[in-house]
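For reference, the structure is listed below as structure tokens.
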Amino acid sequence: MWNIVQCAVQGKGHIKTDIPCQDKTFSLRSNDVEIIALADGAGSASLSHFGAELVTKKICEFLSQKFELFFYNSDGATVKREIIDYLISELENLSRILNCTLKELNSTLLAVAIHDGKYIIIHVGDGVIGYTRNDELKIATYPNNGEFVNTTVFLTSKEAIQTMSLMKGELNDIDGFALMSDGTETKFYDKKERCLAPALKKLMNLSRVMKIDCLQKEIEKFFNLVLRESTSDDCSLIFAAQEDPLFRGYNYLSTNQKKDLFQLRNRLHCKRQIKRYDEILKFAQEPKSIYQISKKIKLKQKYCRKYIEKLFERNLIIQDEKGHFCTAIVMEK
Amino acid sequence: MDRNMLVRMQDLVENPTPRVPICLCLDTSGSMGAVEGECVPTGEKFFSDGQEWELVTGGTSRIDELKKGVELFYDAIRNDEIAVYSAEICIVSFGSDARTILDFANIERQTEIPDLWAQGDTAMGEGVNLALDLLERRKKEYKDKGVDYYQPWLVIMTDGTPNGNDYEYNRAVQRTVEMVNNKKLTVFPIAIGDESDLSSLNKFSPNRPALKLQGLKFGEFFSWLSKSVSKTSQSTPGEVIKLDVDGIKGWAEL
């Protein structure tokens, strides 16, 4: 089972010029195939957000239907041609509906499909595709920017098929894939060292223990508050991380595991502290204020805050827009 | 408790800001000493830069206005919160020979613009070749350090006809035209004064005709240039490019 998390935010530059977010992500689970996709609309193309939205949806549908056929076809050039032709044909249909040229719908495309212990990767244009294997974060495909940072290859470019990356293989120990747009690269991809930021692995690991909707909200908050300040471009990220079969929920963690989680190994009275953490997490499964929590665990607010701080630190609890706290870790699968 | 603990800053990367390398290739030949505005003839005449001139007092010379314009450009870049981190400027002058007045560096380190003196002939070809060499060298430095960059800019400003080495002039034209046609360079050819030869400037720019500066409005031009730098620094991918590729490849595997 794969946990999928995705996020796309409008860049400062597009907010200023009133252009919608041109980064789109999509995921699909169909015919036992898990697919994630990301597309970054061309900056100069006025309707590229429609193009990006279409190609992410269509590539997921296409790969869910054709996974086995593509995987067992040793002629990569033919597979590339079929994918490009299909997407162009879909874009042409859309251009007729919107009464625009194909170029106005231009975008890049990144996609990963997973089925029965196998994967297929597709990449046209900039952005990065990473993966995790044995707790190591690696890169599958690199950005295709050409010489200048504001140029790249798009799906409708005549260079699309020549420069497209197409990969397949057995998963073996691969347990996560991540796709990011060039806006997200600013903080998540080191261009000199050509490696991914450790933060990405952390997010993928968190998806194995955190409630997905909570993690998604926190990632969006991070993108809006932090990532957007470092670039004027739209930023997007989508990843799929395989569930950890050993983690059945917070309620099933042993006392020793909780001691490690809360860094209480050498502390006295840790059983009482763990009991308080248990109570808070159980109580805050629905959003609660600090007053309500301190009343529940019978502790003054100023001491209750210290517990909340620790839970925050460990990403076990989040704070909503109203300032209420909500349990973010999965209590029971 | 309004803070985001999800990702620590030390777990993220810091990439250098993509750069816009700009070379100002400036005519500092004798004719740039020409004066406009209220001036008084002294009655003396002299020959310089291929023509005869009348010595005057008062007025404002082209070279002084040019220097003010360059200083205004630097100030505008420093005051632009986006361009200040992306623009990198070098200045080349051409009179009887071509010189690097100010090499590429972070704009914060270029605190003083050296004086410009009007003297000698108009070795335009030599100046443009030097400018192109400096731009290429800077791009290589960016590549070596993993710094992204935008298409470089070459601003050529002259008030006369090139009278340097013909071979150097033709070589400069050929190099510039090739780069512009391959979308590797943006050229801004600017003609100053009434004696400028637009046709020789136009040869450097197949896509954009040379512009004639209105009077000595260097300030207006450099103000526009600084705004253009800021806009470029915020641009996102939107153009098709030609890439060196080996043809369609088959499958690859992790």
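Order of the sequence lines sets the chain letters (A, B, ...), proteins ahead of strands, with each chain counted from 1.
- Within 6.0 Å of atom CZ in B:Arg175, more than 12 heavy atoms from other residues, nucleotides or ligands are found, so the atom counts as buried in its surroundings.
- For chain B, the nearby part of A:Glu185 is the backbone; its heavy atoms alone come within less than 4.5 Å.
- Test A:Asp23, A:Asp182, A:Asp40 against A:Ser236 for side-chain hydrogen bond (donor to acceptor under 3.5 Å, both in side chains) and you get one pass: A:Asp23.
- Nearest heavy atoms, A:Ser207 versus A:Met204: OG-O, 2.6 Å.
- Neither the backbone nor the side chain of A:Ile318 comes within less than 4.5 Å of any heavy atom of chain B.
- Across A:Lys187, A:Lys192, A:Arg314, the residue that shares the most heavy-atom pairs under 4.5 angstrom with chain B is A:Lys187.
- With a 4.5 Å cut-off on non-hydrogen atoms, A:Leu203 touches chain B through its side chain but not through its backbone.
- A cation-pi arrangement is present between A:Lys168 and A:Phe71 under the rule of less than 6.0 angstrom and at most 45 degrees off the ring axis.
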